[in-house]
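This report concerns only the one structure given below.
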Amino acid sequence: MPITPATATHRSPDASDTSNGTADVILLELVDENGATIGTEEKLAAHQPPGLLHRAFSVFLFDERGRLLLQQRALGKYHSPGVWSNTCCGHPYPGEAPFAAAARRTHEELGVSPSLLAAAGTVRYNHPDPVSGLVEQEYNHLFVGLVQGTPRPDPEEVARIVYATPAELAERHARDTFSAWFMTVLDAARPAVRELTGPTAGW
């Protein structure tokens with residue numbers, strides 16, 4: 001069973017925290033360069049410059065045609081609002097397995113459960129957000145899978161969704177603003193993406 005500390009909320013790890021009470025503190029799992037847990041820290045504090053290295057996950061889901069499900073982050077988010085990014089990303093609760101967190105968060109944000117969700121490795125990066133000044137100092141667990149059912153995005157989390165081929169993604173990436181971490185996690189996941197989608201999808 002995933003372990004959620006008593007001080008951590010059951011709200012989304014990406015939700016804005018407007019409460020002064022400890023019941024609404026969102027904790028992230030701090031890790032060393034090898035991904036071993038070394039402690040916890042409050043979410044916003046972990047993202048303040050220069051950033052504390054913490055555990056995260058990124059999900060890439062595809063339809064039967066091999067198109068990637070992209071999301072535009074809700075405009076109300078305090079971190080990277082309105083930018084496009086991969087299907088889902090977030091942070092496990094302390095003690096929660098990244099795989100379980102990825103499946104849970106995908107359902108919370110998009111209203112669908114991933115099919116054939118599989119681990120696709122890890123990537124470590126340091127990406128400051130040019131707008132908010134917050135820093136993504138993350139040890140990120142990558143997952144790929146298929147979309148099961150029709151997405152029903154939570155409007156507090158997701159403004160829009162779109163399925164994109166590699167060519168359509170390139171056009172959108174040149175035109176629209178994407179998250180600072182998007183290309184890093186996509187490039188790291190590409191071997192697993194190609195294995196999942198096959199050679200004709202073009203990833």
Side-chain angles (χ1 to χ4, degrees), residues 1-15 17 25-47 51-62 68-71 73 77 79-80 85-127 134-148 151 154 157-158 179-197:
M1 288 286 292
I3 301 170
T4 304
T7 55
T9 176
H10 283 273
R11 293 179 306 143
S12 154
D14 285 317
D17 183 9
V25 171
I26 299 171
L27 296 179
L28 305 186
E29 195 170 82
L30 302 182
V31 300
D32 64 18
E33 293 292 341
N34 297 313
T37 302
I38 58 173
T40 60
E41 181 55 271
E42 189 274 328
K43 181 189 173 196
L44 186 56
H47 287 86
L52 298 175
L53 184 60
H54 58 273
R55 196 177 309 284
F57 63 82
S58 289
V59 178
F60 297 84
L61 297 185
F62 298 82
L68 174 60
L69 178 58
L70 299 170
Q71 69 153 277
R73 292 165 63 87
K77 283 181 172 287
H79 187 3
S80 301
S85 199
N86 49 294
T87 309
C88 179
C89 55
H91 309 93
Y93 295 123
E96 182 181 26
F99 183 94
R104 170 184 58 77
R105 189 77 185 116
T106 299
H107 190 271
E108 289 174 354
E109 286 194 3
L110 297 166
V112 293
S113 297
S115 178
L116 301 179
L117 191 66
T122 60
V123 62
R124 189 256 195 260
Y125 52 77
N126 178 0
H127 286 308
L134 300 176
V135 179
E136 292 290 359
Q137 187 92 246
E138 295 187 329
Y139 187 93
N140 198 309
H141 297 255
L142 309 172
F143 299 93
V144 301
L146 301 176
V147 178
Q148 183 178 16
D154 178 352
E157 301 292 342
V158 180
S179 64
W181 61 86
F182 175 74
M183 288 307 302
T184 298
V185 293
L186 175 59
D187 287 342
R190 281 187 193 275
V193 169
R194 293 179 182 127
E195 183 175 349
L196 176 72
T197 60

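As the structure is a computational prediction, the values presented were derived from the model and not from experiment. FYI, side chains are in, hydrogens and waters are out, and symmetry mates aren't considered; it's all heavy atoms of this structure.
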| said: Does Y93 form a side-chain contact (heavy atoms from CB on, under 4.5 Å) with L27? I'd like the steps, not just the answer. | reply: CA-CA 7 Å; Y93 295 123; L27 296 179; over 6 Å; no

| task | Could I get the full list of side-chain contact (heavy atoms from CB on, under 4.5 Å) partners for D32, not counting sequence neighbours? | result | N34, A36, I38

| field | Considering all heavy atoms, the nearest V59-N86 contact | value | O-ND2, 3.2 Å

| query | What closest approach, in Å, do A120 and A192 show between heavy atoms, and which atom pair accounts for it? | reply | CB-CB, 3.4 Å

| field | Side-chain touch C89/R73, heavy atoms, less than 4.5 angstrom | value | yes

| query | Any donor and acceptor pair, going by atom type alone, linking the side chain of R105 with main-chain N or O of G90 inside 3.5 Å? | reply | no

| said: Please report the interatomic distance CG(L61) to CD(Q71), rounded to the nearest 0.5 Å. | reply: 10.5 Å

| When rounded to the nearest 0.5 angstrom, what is the spacing between NZ in K43 and CG in L28? | 7.0 Å

| field | Value rounded to 0.5 Å, distance of CD in E42 from NE2 in H47 | value | 10.0 Å

| field | Separation between CG of L69 and CZ of F62, rounded to the nearest 0.5 Å | value | 9.5 Å

| query | How long is the span from the OH atom in Y139 to the CG atom in L53, to the nearest 0.5 Å? | reply | 9.0 Å

| request: To the nearest 0.5 Å, tell me how far S85 OG sits from W181 CH2. | output: 5.0 Å

| query | Can you tell if the side chain of P98 reaches within under 4.5 Å of the side chain of F143, non-hydrogen atoms only? | reply | yes

| query | For E138, which of H127, R124, H91 qualifies under side-chain hydrogen bond (donor to acceptor under 3.5 Å, both in side chains)? | reply | H91

| request: Check whether any side-chain heavy atom of I26 sits under 4.5 Å from a side-chain heavy atom of L44, and report yes or no. | output: no

| Can you check whether S58's main-chain N or O pairs, donor with acceptor, with N140's side chain at less than 3.5 Å? | yes

| field | Contacts of F60 that satisfy ring-ring contact (aromatic ring centres under 6.0 Å, His included) - sequence neighbours left out | value | none

| query | Are any side-chain N or O atoms of D154 and backbone N or O atoms of E109, one a donor and one an acceptor, separated by less than 3.5 Å? | reply | no

| query | Looking at A102 and L117, what are the two nearest heavy atoms and their distance? | reply | CB-CD2, 4.4 Å

| Donor-acceptor contact present, side-chain E136 to main-chain Y125, <3.5 Å | no

| request: Sequence neighbours left out, what passes salt bridge (Lys or Arg N to Asp or Glu O under 4.0 Å) with D187? Give chain and number order. | output: R190

